[in-house]
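See structure below.
Owing to the predicted nature of the structure, the values given are computational and were not obtained by experimental measurement. Every chain is numbered from 1, with letters handed out A, B, ... down the list of sequences.
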Amino acid sequence: MATPRRRHGVSSAPTSLPEYDMTENIFALLTQEVRGVLAALVPDLPPEALARVQVEPPRDAAHGDMATNAALIAAKPARMPPQKLAAALAEKLAALPMVTEATPAGPGFVNLRLDEDFLRAQLPAVLRAGEAYGDSTIGAGVRANVEYVSANPTGPMHVGHCRGAVVGDALANLLKKAGWDVTKEYYVNDAGNQVGALGWASYWRYLRAVTLDADEWNAENTEQRFGVTLQYRGDYLVAVGDALAERHGAGMMPRRVEGGTVPEEETLSAYAPALERGWLVKSAWLDTAREIAVAMMMAEIREDLALLGVEQDVFVSERSLVEAGAVEGAVRLLEDKGLLYEGVLEPPKGKTPDDWEPRPQTLFRATEFGDDVDRPLRKSDGTNTYFANDIAYHADKVGRGQELLIDVWGADHGGYVSRMQAAVRAVSDGRVPLEVVLCQIVHVMKAGEPVRMSKRAGTYITLRDLIEEVGRDAVRFTMLTRKSDAQMEFDLDKVVEQSRDNPVFYVQYAHARCRSVLRQAEAADAALVADLADVPLTALADPSEMALIRRLAAWPRSVEAAATAREPHRIAFYLADLAGDFHVLWNRGRDDSTLRFIRTEDRGATRARLALVAATATVIRSGLGVMGVTPVEEMR
RNA sequence: GCGCCCUUAGCUCAGUUGGAUAGAGCAUCGACCUUCUAAGUCGAAUGUCGGGGGUUCGAAUCCCUCAGGGCGCGCCA
C-alpha cells in the first residue's frame, strides 16, 4: 500500500486538483489534460465549472476510448454554443501526444481515441507497481475510522453479523488503498442489560457445574429462586460455567438466608430480588461471571473474525468508557454547549404506543442538527440511555483525532442514523462527518429453500458453520456481490458451484488460468517470464487484447469511484468484468491458435502476452486483496 | 399514521454520482466448437427503468405525487 504522496491542506485553494501519479491513472491524466486545454480556451472559466469537467469511458465503445463533457459544462460561462466549443476543444485535444483522434459529437461531447502504445504502456506500469497498482491519493491521508461488526459479546457470531463484517473490512481496505489513513475498529458493548443477562446465564451455568445435582439448578428453579429471567440458555455458555467453577470452586454458591443469620454488610452487596426470595447472591459474583463470560465470548468472536480474515486494529470497551467517566464528560460537553434540556417528548406521530405516558427526560437538541425530534439521554430512572453511551464513544473517536467516522450497521438500526449524525456534529463542532453504511439482511438458502433461523430454538447458523461449509473466500466474495443496502440471498449451493454465473469461481478461475500460463511458460524456458515490464508490446493488437488492456487501465479509476461512493461491492463487479475479458481472450485462443498466449514459433509475441497475463493476474490479486479474498494458483 | 430505504429484460442484478441508441449473466432460439485446465464461441430476440407530473441542453439518476415491498418509530442495545 503506497503512502499518500501529498496531504491536501485545508487551506488549499478550492481550484487545486488532486495530484495523480501520471503513469498509473490514465483517466486522471486525461482529465487534467482536458481541463488544462479548456482553461486555456476559456480563460475566465469559474473553478467550480472546471471541477465538473469529466473524462470517462463512453458507454458505447464505438464512441472511442474516452469522452468528455467539457464543452457542455463550459458553454454557458463561455457564452458559446456547446457544439462550437466542442469543435474548438477537439482540435486542441487532437494535438495531445496520447490522443490519436478527437471528434465533437452529440450535444457537445468530445470523443477521444487513444494511442494504442499509450494504452499498452499501462502494462509495465502495472507490473512495476505490482499489487500497489490502483493505489490512489484521493483520501489525502485523512484519518478515517471504520467501525464494524461490534456484535454484542453475548454469544458466537452468526450469519447476521457476517455481512457487516465483510463489508466493513473491505470498505476499510478500499479506503486504505485510495489514500485514507484507516483505523479498523470494533465497539464492545460490554455494559448494559444484555451483558447483565449474560452474567446471570453464566452464573447459572456455574451453579450447574459446581453442584452435584445439576437438575436442582435447572433453568426454571434458578429463575424462580433469584427472581431473574435467563435470556441466554445456549450451550455455548457451559464452558463459561466450567471455567468459573474451576477458578472459584464452591466460593460463589448462593446461600440460604434464614432470619437475620447473615451479617448486614453481606446483604448490602447482594442482589435484592434474590434476597427477598431468601437467597444471597453477591453482586460481585455476578460481576465476576459477567467479566469472564465477556472475555471468553470476545475471545471466541475474535477467533471467528480471524477465520473470516478480519483483524481489527482497535477494540473499545463500552464499560471502560463508562467507568472512565466518558459518558458524564460527553453529557457535560453537550450541556456546556447549551444542547440539553429537561423536557417531555410528544408521542410518535399517528401511532401512540399503548403504554405511552408523558414524562420529563434529559433531551439532546438533535433537531438543531437535522434530526426530526430531540432525543433522550437519560431513562426515567436516571440511568443513561444507550444513545448517551454511544455519544461518548463517538466523542472518544473524535478525541482520538479521527477525521472521518464510518459506522457499518444493520439496516434495523436505520432509524438511529440521523440522531447519531446530529450528535457527532454537535460534539465535533461540525468538523467530523459521520457516515453510516447500512447492511440489509441476508437470507440463507439451501437447495432453493430458505434456511429458517431461530435463536431461541438454537437453529441459527453460526459464522463458523458457514465458513466451514463454503469456505472463507466464497463467503467474503459473495457478501460483496450486492450493494450493501440491498437484500441478499446467500445460496449455500450456488456459492460453491463451479460455473460461469458464480462470480467467486469465475474470478478465481481467471487468476488460476493466468498463473497456469505463467507456470507453463516458466517451465518451458524461465527466460520467457523474466523482466516482463521491459518487453516490447506492439504484438498486442487484437481487439480482445486491447479490451483487456483498457480494463486493466480502468482499475485505478474503479478504486477511486468505489472508495468515494463507499461501495466495496463495485470491486467485485469490476473483477467479474475483468475476468470476463480475460476468459474471452483465452477462449479465442481455441478458435485461433495465433492468439494463444504461448507460441513456440514467436518468442516476441509470447513475451508480450505473458506481460499481459502477468498484469491481469496482478490486478486480480490487487482487487481480491481489497476484498480480503485469497487468489488461488490453481483450480482443484 | 410518520420517517428512511427499495422497485431496471422472463429470472438474478449492474448502471462509472445528470450524459449520447439503458447493460451483463442466466434462461430462450439458431449456428459452431471439444480445449495452453473441463465448466466454450458467435449471432438473434428481450424493456412504459413501478405509474404520473416537474426541474434542464440532457433524467433510470434530482424534486413532487401515487401504488407496491422492506426497516424503524420515548425508559432494547
Side-chain angles (χ1 to χ4, degrees), chain A residues 27 52 54 56-60 62-63 67-69 72 75-76 81-83 105-109 111 150 152 154 189 191-195 318 344-353 355-359 361 363 372-376 378-387 389-390 410-418 438 440-441 481-483 485-489 494 497-503 505-506 509 512-513 516-517 519-521 524 554 557-558 560-562 564-565 567 569-570 573-574 576-577 580 583-584 586-591 593 596-599 634-636:
Chain A
F27 294 89
R52 284 172 53 218
Q54 289 175 353
E56 306 178 320
R59 291 199 171 158
D60 189 342
H63 290 141
T68 180
N69 61 353
L72 288 164
K76 208 171 270 179
Q83 275 140 345
F109 290 99
N111 292 331
S150 298
N152 288 349
T154 52
N189 294 126
N193 297 338
Q194 295 196 359
V195 287
E318 178 183 6
V344 181
L345 282 178
E346 304 259 318
K349 288 219 171 75
K351 181 189 155 203
T352 307
D355 59 345
W356 176 271
E357 49 185 86
R359 54 189 147 229
Q361 291 168 303
L363 298 172
D372 300 329
V373 287
D374 292 337
R375 304 290 182 174
R378 291 217 169 91
K379 305 175 196 172
S380 54
D381 66 2
T383 60
N384 293 319
T385 58
Y386 180 79
F387 182 46
N389 288 8
D390 228 359
D412 55 341
H413 290 62
Y416 203 74
V417 172
S418 54
L438 295 179
Q440 276 286 355
I441 198 160
T481 52
R482 293 274 180 285
K483 224 181 310 183
D485 62 356
Q487 289 183 37
M488 176 162 72
E489 282 186 5
K494 279 191 181 153
E497 197 175 276
Q498 303 211 338
S499 73
R500 172 81 208 257
D501 55 335
N502 179 4
F505 163 77
Y506 198 59
Y509 190 32
R513 274 181 159 173
S516 166
V517 169
R519 274 195 306 272
Q520 289 202 12
R557 177 185 152 81
S558 297
E560 291 185 353
T564 304
E567 291 185 347
H569 76 279
R570 293 191 191 195
F573 282 98
Y574 170 85
D577 288 341
H583 288 305
V584 163
W586 174 287
N587 288 318
R588 289 208 56 200
R590 297 173 171 186
D591 299 335
S593 65
R596 295 192 168 200
F597 298 118
I598 301 172
R599 294 182 61 207
E634 54 185 329
M635 302 302 288
R636 289 270 162 78

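- Separation of the P atoms belonging to B:rG10 and B:rC63 is 28 Å when rounded to the nearest angstrom.
- A donor-acceptor distance shorter than 3.5 angstrom exists from the side chain of A:Asn69 to the backbone of A:Gln54, with no hydrogens or angles considered.
- Residue A:Ala576 is out of contact with every strand shown, counting any heavy-atom pair closer than 4.0 Å.
- In this structure, the salt bridge (charged side-chain N to carboxylate O under 4.0 Å, His left out) partners of A:Glu634, at least two apart in sequence or on a different chain, are A:Arg636.
- OP1 or OP2 of B:rC57 has not a single side-chain nitrogen or oxygen of A:Gln83 nearer than 4.0 Å.
- Spacing of C1' atoms, B:rC2 relative to B:rU28, comes out at 46 Å, to the nearest Å.
- As rounded to whole Å, 9 Å separates atom C1' of B:rC71 from atom CG of A:Leu438.
- Contacts of A:Asn111 with the nucleic acid, taken as non-hydrogen atoms under 4.0 Å apart, include base atoms.
- Atom-to-atom, CG of A:Asp374 to P of B:rG74 comes out at 15 Å; the value is rounded to the nearest Å.
- Across all strands shown, B:rC4 pairs with B:rG70; the Watson-Crick or G-U wobble distances both stay below 3.5 Å.
- With B:rU37, B:rA39, B:rG74 as the candidates, the nucleotide lying closest to the side chain of A:Gln520 is B:rU37.
- The ring of A:His413 does not lie on top of the base of B:rG72; it is either too far (5.5 Å or more) or too tilted (30° or more).
- Residue contacts shown for A:Tyr506 are absent, as no nucleic acid heavy atom lies under 4.0 Å away.
- Nucleic acid contact class of A:Ala521 (heavy atoms, under 4.0 Å, all strands): none.
- Atom name P, nucleotides B:rG18 and B:rA27: the rounded distance is 35 Å, in whole Å.
- Comparing the P positions of B:rC62 and B:rA20 gives an interatomic distance of 16 Å, to the nearest angstrom.
- Using a 90° window around 0 for the glycosidic torsion, B:rU37 falls outside it and is classed as anti.
- More than 12 heavy-atom neighbours from other residues, nucleotides or ligands sit within 6.0 angstrom of NZ on A:Lys379.
- B:rA45 and B:rG23 have their C1' atoms separated by 16 Å, with the value rounded to a whole Å.
- For the pair A:Tyr509 OH and B:rU37 P, the interatomic distance rounds to 9 Å; values are reported in whole Å.
- Residue A:Met635 contributes atom CE, which lies 13 Å from atom P of B:rG40 at whole-angstrom precision.
- Across all strands, A:Ser516 comes closer than 4.0 Å to base atoms (heavy-atom distances).
- If you measure from atom NE2 of A:His63 to atom P of B:rG23, you get 11 Å, rounded to the nearest angstrom.
- Although no hydrogens or angles enter the test, the distance criterion places a donor-acceptor pair under 3.5 Å between the side chain of A:His583 and the main chain of A:Tyr506.
- Remark: the separation of the C1' atoms in B:rU61 and B:rU16 is 12 Å, to the nearest Å.
- Separating the NZ atom of A:Lys76 from the P atom of B:rG58 is a distance of 10 Å, rounded to the nearest angstrom.
- Using Watson-Crick or G-U wobble geometry with both donor-acceptor distances under 3.5 Å, B:rU17 finds no partner in any strand shown.
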Revision key, fill the gap. With B for base contact, S for sugar-phosphate-only contact and - for none (protein heavy atoms under 4.0 Å), nucleotides 8-19 of chain B reads ----SSSSBB-B
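- Using the Watson-Crick or G-U wobble rule with both distances under 3.5 Å, B:rC32 pairs with B:rG40.
- The number of heavy atoms from other shown groups lying within 6.0 Å of CD (A:Glu497) is above 12.
- Here the closest non-hydrogen pair linking A:Gly410 and A:Leu438 is O-CD2, 3.8 Å.
- Between the C1' atoms of B:rA60 and B:rG47, the separation comes to 12 Å (whole Å).
- In this structure, A:Glu346 places its CD atom 16 Å from P of B:rG3, rounding to the nearest Å.
- The salt bridge (charged side-chain N to carboxylate O under 4.0 Å, His left out) check on A:Arg519 picks up A:Glu633, with sequence neighbours excluded.
- Proximity of A:Arg513 to the phosphate of B:rU37: no side-chain N or O atom is located under 4.0 Å from OP1 or OP2.
- Nucleic acid contact for A:Glu357: base, since at least one base atom lies under 4.0 Å from a heavy atom of the residue.
- Nearest-nucleotide assignment on RNA chain B puts the 5′-proximal partner with A:Ala512, out of A:Ala512 and A:Val344.
- Nucleic acid contact class of A:Ala105 (heavy atoms, under 4.0 Å, all strands): base.
- The OH-C1' distance, from A:Tyr416 to B:rG3, rounds to 17 Å in whole Å.
- Looking at A:Asn152, its side chain never comes within 3.5 Å of a backbone N or O of A:Val195 through a donor-acceptor pair.
- Using cut-offs of 30° and 60° for the angle between ring planes, the A:Tyr416 and A:Phe387 rings count as perpendicular.
- Taking atom P in both B:rU8 and B:rG15, one finds a spacing of 14 Å when rounded to whole Å.
- Applying the 4.0 Å criterion to OP1 and OP2 of B:rA77, one finds that A:Lys379 has a side-chain N or O inside that range.
- Taking every heavy atom of both residues into account, A:Arg378 and A:Asn384 meet most closely at NE-OD1, 3.3 Å.
- Among the atoms of the strands shown, base atoms are found under 4.0 Å from some heavy atom of A:Arg359.
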